[in-house]
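Data block below; observations after.
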Amino acid sequence: MQYNFKEIESRWQQYWADNHTFHSEFPSDKPKFYALTMFPYPSGAGLHVGHPLGYIACDIYARFKRHQGYNVLQPMGYDSFGLPAEQYAIQTGQHPAITTEANIARYREQLDALGFSYDWSREVRTSNPRYYRWTQWVFMQLFDSWYDREAGKARPIEELVDRFESGGNAAVDAVCDADTPDFSASDWQGFDQADQQRMLLKYRLTYLAEAEVNWCPELGTVLANDEVVNGVSERGGFPVVRKKMTQWMMRITAYAQRLLDGLDEIDWPQPLKDAQTNWIGRSVGASVIFKTVPNAHQAESFDIEVFTTRPDTIFGASFMTLAPEHELVARITTPGQQEEVRAYIEATSRRSERDRMADVKTVSGAFTGAYAAHPLTGEPVPVWIGDYVLAGYGTGAVMSVPCGDQRDYDFAKHFGLPIPNIFEGVSIEEAAYEEKDGVVIAQSDFISGLGREAATRKVIDALEEKGLGKGTINYRLRDAVFSRQRYWGEPFPVYYDADGLPRLLPEHCLPLELPEVEKYLPTETGEPPLGNATRWAWDTEREAVVENTRIDRKTVFPLELNTMPGWAGSSQYFNRYMDPGNDQALVSEEAIGYWEDVDLYIGGSEHATGHLLYSRFWQKFMYDRGWVPKEEYAQKLINQGMILGTSALMYRKSGTQTYLSKGLAEQENVDAIRVDVGLVNASDELDLAGLKEWQPQYADAEFVGEDGKFYVARDVEKMSKSKYNVVNPDDICEEYGADALRMYEMFLGPLEQSKPWNTAGLSGVYGFLKKFWRLFHQGPDRTFEVLDDTPAAADLKTLHKTIKKVTEDIEAFSFNTSVSTFMICVNELTASNCRSRAVLEPLVVLIEPYAPHMAEELWHQLGHGESVAREAYPVYEEKYLVESSKEYPISFNGKMRFTMELPLDMSKEDIEKAVLANEKTRQQLAGRTPKKVIVVPGKIVNIVG
RNA sequence: GCAGGCGUGGUGGAAUUGGUAGACACGCUAGAUUUAGGAUCUAGUGCCGCAAGGUGUGUGAGUUCGAGUCUCUCCGCCUGCACCA
C-alpha cells in the first residue's frame, strides 16, 4: 500500500468527527489542560498558510498533553463582529450576519482539512446572541461596580450608595472622574434621583464622558488608541482626527497598577510584557499647584496643576506651558493676548494628529498674558500655551524647566525666555542637561548641594506642607473608549431615562439583539447606524424592544445607538469555552472551578496593547467580584511569528510593454511589477503562458528572457491578496497533505520568529513522511510488514534517543528541532532496515501530534481498534542510551588535535593518565611536560603546555 | 529619543547553555536508474588550497585551558512606544 495521504486524511478526519474523539470531559477526575489559540476574525479571504502556524503548534501541544493523560480542552471559535463584514454590508446591502456565516463555513472547512483536535461542541461566535448576552452582562456588571482604592478591588455600586448615605464621598477612597466635587452625607441625601445618578456615573467602572477621541471620518467611528497607528486607522489606513464626543468609557486606569503587578506572575514573552509596561507608562513624581496671579482683568486666582517627574528641578522652573486645549486657557488669557492665543489654538486644532506628530521640530506657542506664582519662591512666572504639551497626558500642563528638559529649553530659546541654571558645574550653553544621575542641585534655596533623590524628597515635603503639591504616580494609560458608531457589534443593554441618564435593561431581558436596519451607514442626522432601526426603543412596562415612534419618555425610552468595540467580545471568551451552552451564567462555578485558567495561550504579538490588555482588565474585574478564581487568565503565552510571503517581481522597461528577465534588468530603467507567486517555480522561473492566462493584458507584451527562460526577482513581505503572494493551505493539502503542511510549518523555523514561506522546501518533510511510511511497508508494492522480533540494540537506542529529544523539544516549544529529530530517526532506522514492532509502535504515538492522520492509519494497521490519540505517551529509558565509551576530543591549548576512545566510567585521574600515556599525545608534547590537564568527564580533554 | 531583540554557509536554520560550529532540510555538483520527469537512490557541498594545512559565527578588544554562547566598544538590521513633562 502506497502512502495515499488524501485517502488517509479524509478517512480519519471523518472517524474523529464520528467518534467525538476530541471531546473534553466534564466532569472529570483527570488533571485538566487548557490549550488555547486566539480565535480568528473570519475574513472573506479565507485562511492562508500563515494563519495555521499558531494553531498547529497549539494542537501539537494539546495532543501531547492528551497522550500524557490530561483531560485537554482545546476549543475554537470566531471573533465574528468586525469592520470588514460591515463595510461589505454598506457596499452591497448584504446583512453582515450572512457574510459572516458564509466566511465561517469556509474557515471551518479549511480548519477541518488540517486535522486539528478541537472540541467543536464548544465553539463560540461573538456575534451570536447567546454568546453576546454575556458580553452585555459583563458590561452591566461593570456599570454596577466602583473601584475601592482602599480595598484595592471593584465592589458593587450599592455599597457605594450605602457609604454616600452615611458619610458622603469624603469617607470613600474611590477611583472617579477628576471633576467630582466633594459632598457630605446630607448633601447626598439632598440630591434628587437624577443628581444621585449623575454622581454615581462618575464612579462606575464604565461611564459616559465627554471625551477627546480619535475620530475617523472615513470609517465614521471613533477608534481606541491601540487602533490608531501613526495617526491613521489600523484598518484601512484612513486619517484620524481629535474630536470631543460623549462616549462610553472603561475605567481601566483603576487597574493600571494591578495590570503592571500581574505581569510578574505570568509566563509571557518579555517583549510583550515590555510593550504593556510601556503602554501603561507608570512614572513617579509629584503633582504641583501653581496659583495664577490676579491682575486687572482677572481678579480670580486659578489653580494650575502640573505633573513633574523632576520635583528636584522646581527652582529652575521659569515659566509654565499649558496644552492649547487646556480648560483654563480661555479664562486666564488677558485681553491683549486674546487674539494671538485664539489664532494659535485655531492653527493647532486644524492640524491633524499626524501632522502634529510628523513635525516635532518646529517650536510654536503663544503667551497668555497671565502669570502664576511659583509654589516655593512665590515669584511670578509667565504662563504660555504650546502644542508640545499634550492635553491627554498628566494634567495637560507643565512647569517648564528649560535647563533640565530639552523641549522646555527649545521653547525658551525660541521665545527668549530666561534659562536659569540650577545644576552644579554643568554648562547649559548648548542644550539642556537631561542626565538624572549624579547631578548636584544649585541655586535652589534649601535643596542646593543635594543630589536628585534627597532634593526630590525635600521638595515634596515642602509642597505638602504648603498644601501646594504631593508625591504622585502618573500613568500614561488612558481610560478606554468603549463606544463605536457602527452596526455590527454588541448593542449596549442601555436606555436613556426621562432625564437623559443611562439606565440598564433588566438582566432577564438579555440578550438585547441587534435590530434590523435598512442601511448600515450613519443616519442623515449623523447618528450611528442603529439610528436607522425603526424598532429600537425600550418599553419599561412591557420590558421589550418596541417601535421608535412610541418614544414618550414616560414608559418608552430611546435605546443606546452605539455598539461595543471589537475587543468586548474577546475579553471573556476564554472563560465561556469552559461552559459554552450555559444560559444561567457566563460560566458555571463548577466548570470554572475545574478548568480554572488557560494553561497555554498562543497568538500574535500585535494584540499586546489591545486584546491582551483589555482581557486582563476584565478578568481582574471578574476576579474582584468573585466570578472567576484566577486574577490572570493565561499562565503561559507564546507569540507565534508571522509567516511572510515571498512576492515575485518582474521588471518592465519604464514606459514600454517590454519585460526583462531578472538578470537583464540591472542596467535598465525599470519598474517592478508583482506577479502571482503560483506562476513561478522553485528556480524563480516564470510560466509565461500561465501569466498571459492569469492577466490577459500581458498577451501582447514582449518578454525578454535569458537562455529562453524568464526569471523573476523575489521580495519578502506580508502575505496579502493585493501582493499576489498568498499561498493557500488547501492547495498544499491537495498536493502534499495536511500532515506534510503541519510538519513543514513547524520545520520552517522557531515558532516565535517571523519567516518567509517557501513552498519548495516542503519536499523535505514530504519525503520524510514517505520514508516513515516505508518503515512499515515493505517491497515494491509496499505491503504492510512489521515483525514481532527482538529489536537490535542500535534500533532501541535510536528509538529512546528520539523519544527523549522530541519530548524535551515539545516541552520547550522547539517544534522545528523536533521535526529534525524525527528525520534523523527515520534515516537511522531505514539504514538498519528496522522492522520491529517494539521500535516502530512507540514511534507512531510519538509522531501523532505532528502527523495525526498518518499516525492514526498506522496505528490501526498495527491492529489497534482505539484512536492513537488516547494512547499513553512513550517514556524513554535511560538504559538504552548509556554508552560504555566515547570519542574524546583531545585538544592542546584549546585547539583540537585528535580523538581518542575512552570508557565513560573512567575517573578524571585515570583519563588524564591514559591520555598522557598515549603515543599521539607524546608526539604533540615532544618531550615537554604539560602545565595542566583539564578533563571534563564525557566531554573533552584539554592539555595546556 | 526611550525600551526590547537580533546578527552563524548560496537559503531556512541547529549547537546538550562555556566544551569537536554549521545538525536537519532546501538548493547546488557529480553519478546510478528510468522513454521521460519537478520520481527514486548514492556521493559531495563554510571559505582558501591539488594536497598537507590554514581559516572561519557583523567589527574590535577582554575574561577563560577553551567563547557562536559571558563582559565592554563600534557597525548594521528588526520590533514596540514616541513632544509622556
Side-chain angles (χ1 to χ4, degrees), chain A residues 225-226 229-230 269-279 281-283 285 306-310 313 317 320-321 323 356-357 359-363 386-390 392-401 404-408 410-411 434 474-477 605-606 608-609 639 641 681-683 714 735 744 747-750 752-765 767-768 770-771 804-805 808 814 816-825 827 887-899 930-936 938-945:
Chain A
N225 286 343
D226 66 278
V229 180
N230 291 327
Q270 197 54 44
L272 196 152
K273 287 186 178 184
D274 291 339
Q276 291 206 348
T277 305
N278 221 319
W279 188 261
R282 181 184 199 263
S283 50
V306 303
F307 174 76
T308 176
T309 53
R310 297 290 304 275
T313 64
M320 299 187 71
T321 314
R356 217 163 135 172
M357 284 197 307
D359 161 41
V360 295
K361 294 266 153 58
T362 318
V363 178
D387 70 357
Y388 79 96
V389 177
L390 305 172
Y393 182 74
T395 60
V398 298
M399 63 173 208
S400 300
V401 184
D405 183 292
Q406 193 56 43
R407 295 155 306 174
D408 294 342
D410 294 340
F411 196 85
E434 293 187 307
N474 195 46
Y475 298 92
R476 198 184 73 99
L477 186 70
S605 59
E606 68 271 22
T609 53
N639 288 130
N681 72 7
S683 328
R714 295 291 201 161
E735 201 169 342
Y744 185 54
F747 183 68
L748 220 45
E752 296 91 334
Q753 206 169 293
S754 289
K755 54 240 161 195
W757 177 264
N758 171 20
T759 305
L762 249 162
S763 62
V765 285
F768 157 77
K770 282 197 280 191
K771 279 191 212 164
K804 183 171 191 238
K805 184 69 170 39
E808 285 168 359
S814 304
N816 57 330
T817 52
S818 56
V819 176
S820 296
T821 308
F822 279 122
M823 288 177 174
I824 295 166
C825 172
N827 288 342
E887 288 277 321
Y888 274 76
I890 312 295
S891 56
F892 289 81
N893 294 322
K895 189 150 282 197
M896 221 277 277
R897 292 295 159 173
F898 60 93
T899 60
K931 267 195 208 147
K932 202 167 151 192
V933 180
I934 289 111
V935 179
V936 182
K939 281 187 180 168
I940 196 160
V941 177
N942 189 21
I943 299 162
V944 188

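Residue numbering restarts at 1 for every chain, and letters A, B, ... go by the order of the sequence lines. As the structure is a prediction and not an experimental result, all values here were calculated from the model.
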Completion exercise
Here the gap from Leu272(A) atom CG to Thr609(A) atom OG1, rounded to the nearest 0.5 Å, amounts to 9.0 Å
Practice task
From the options G80(B), C83(B), C81(B), select the nucleotide whose nearest atom is closest to the side chain of Leu390(A).
Solution key: C83(B)
Between the protein and nucleotides 16-26 of chain B, which nitrogen or oxygen pairs are less than 3.5 angstrom apart?
from: A25(B); atom 1: OP1; to: Asn827(A); atom 2: ND2; distance (Å): 3.3

Practice task
Would you mind reading off the distance between Lys895(A) atom NZ and A67(B) atom C1', rounded to a whole angstrom?
Solution key: 14 Å
Handout entry: Shortest non-hydrogen contact between Gln276(A) and Ala608(A), atoms and distance
Key = NE2-O, 2.9 Å
Problem - Contact under 4.0 Å: Arg476(A) side-chain N or O vs A82(B) OP1/OP2 - result: yes
Problem - Rounded distance in Å between the P positions of G44(B) and U35(B) - result: 28 Å
Exercise for the section: Check the side chains of Lys771(A) and Asn827(A) for a donor-acceptor pair under 3.5 angstrom, ignoring hydrogens and angles. Expected result: yes
Exercise for the section: Determine the Euclidean distance between corresponding C1' atoms of G10(B) and G62(B); express it in Å to zero decimal places. Expected result: 34 Å
Exercise for the section: Measure the CZ-CG distance between Arg714(A) and Asn758(A) for me, rounded to the nearest 0.5 Å. Expected result: 7.5 Å
Practice task
Write down the distance separating the C1' atoms in U20(B) and U69(B), rounded off to the nearest Å.
Solution key: 16 Å
Exercise for the section: For Leu272(A) and G5(B), give me the distance from atom CG to atom C1', rounded to whole Å. Expected result: 14 Å
Practice task
Starting from P on G66(B), measure out to OH on Tyr888(A) and report it in whole angstrom.
Solution key: 21 Å
Handout entry: Torsion-based syn/anti label for G9(B), 90° from 0 as limit
Key = syn
Practice task
Please state how far atom OH in Tyr393(A) lies from atom P in C84(B), giving the value in whole angstrom units.
Solution key: 9 Å
Problem - Spacing of the P atoms in C65(B) and G12(B) (rounded, Å) - result: 37 Å
Practice task
Could you tell me whether U33(B) is syn or anti, where syn means a glycosidic angle within 90 degrees of zero?
Solution key: anti
Problem - Whole angstrom value for the distance that separates P of A39(B) from CD of Glu735(A) - result: 11 Å
Practice task
Determine the interatomic distance between C1' on G22(B) and the same-named atom on U45(B); round to the nearest Å.
Solution key: 12 Å
Problem - Euclidean distance for C1', G68(B) against G9(B) (whole angstrom) - result: 14 Å
Handout entry: Nearest-0.5 Å distance that lies between atom NZ in Lys805(A) and atom OG1 in Thr817(A)
Key = 4.0 Å
Exercise for the section: Give a yes or no on whether the backbone of Gln406(A) and the side-chain of Glu434(A) come within a donor-acceptor separation of less than 3.5 Å. Expected result: yes
Problem - Integer-rounded Å distance: A85(B) C1' and Arg310(A) CZ - result: 11 Å
Problem - For Thr309(A), side chain to side chain contact (heavy atoms under 4.5 Å, CB included) partners two or more places apart - result: Ser283(A), Phe307(A)
Handout entry: Side-chain N or O of Lys932(A) closer than 4.0 Å to phosphate OP1/OP2 of C65(B)
Key = yes
Problem - G19(B) to A15(B) separation - P atoms, rounded to the nearest Å - result: 12 Å
Practice task
Using the C1' atom as the reference point in each nucleotide, state the distance between C47(B) and U8(B) in Å, no decimals.
Solution key: 14 Å
Practice task
Send over the distance from Leu477(A) CG to C81(B) P, rounded to a whole Å.
Solution key: 14 Å
Practice task
May I ask you to verify if any side-chain N or O of Gln753(A) is less than 4.0 angstrom from the OP1 or OP2 atom of G13(B)?
Solution key: yes
Practice task
Just need the stems in RNA chain B: three or more back-to-back Watson-Crick or G-U pairs, each with both distances under 3.5 angstrom, sorted by first number.
Solution key: B:1-7 with B:75-81, B:10-12 with B:24-26, B:27-32 with B:40-45, B:46-48 with B:53-55, B:60-62 with B:70-72
Exercise for the section: Measure the distance from NZ on Lys755(A) to P on G7(B) and round it to the nearest whole Å. Expected result: 15 Å
Fill in the blank from the handout: Interatomic distance, CD@Glu808(A) vs OG1@Thr821(A), rounded to 0.5 Å, equals 9.5 Å
Fill in the blank from the handout: Out of A85(B), C81(B), G4(B), minimum distance to the side chain of Asn278(A) belongs to C81(B)
Problem - Check: Asn942(A) main-chain N/O paired with Lys932(A) side-chain donor or acceptor under 3.5 Å - result: no
Practice task
For Ser605(A) and for Val398(A), find the nucleotide of RNA chain B with the closest heavy atom, then tell me which residue's nucleotide is more 5'.
Solution key: Ser605(A)
Exercise for the section: Would you please classify the geometry between the Phe898(A) ring and the Phe892(A) ring as parallel, tilted or perpendicular, with 30° and 60° separating the classes? Expected result: tilted
Exercise for the section: Name the nucleic acid region contacted by Lys805(A), choosing base, sugar-phosphate or nothing; use a 4.0 angstrom heavy-atom cut-off, strictly under. Expected result: nothing
Problem - Side-chain touch Phe768(A)/Tyr744(A), heavy atoms, less than 4.5 angstrom - result: no
Exercise for the section: On RNA chain B, check which nucleotide each of Pro756(A) and Gly767(A) is closest to and give me the residue with the more 5' one. Expected result: Pro756(A)
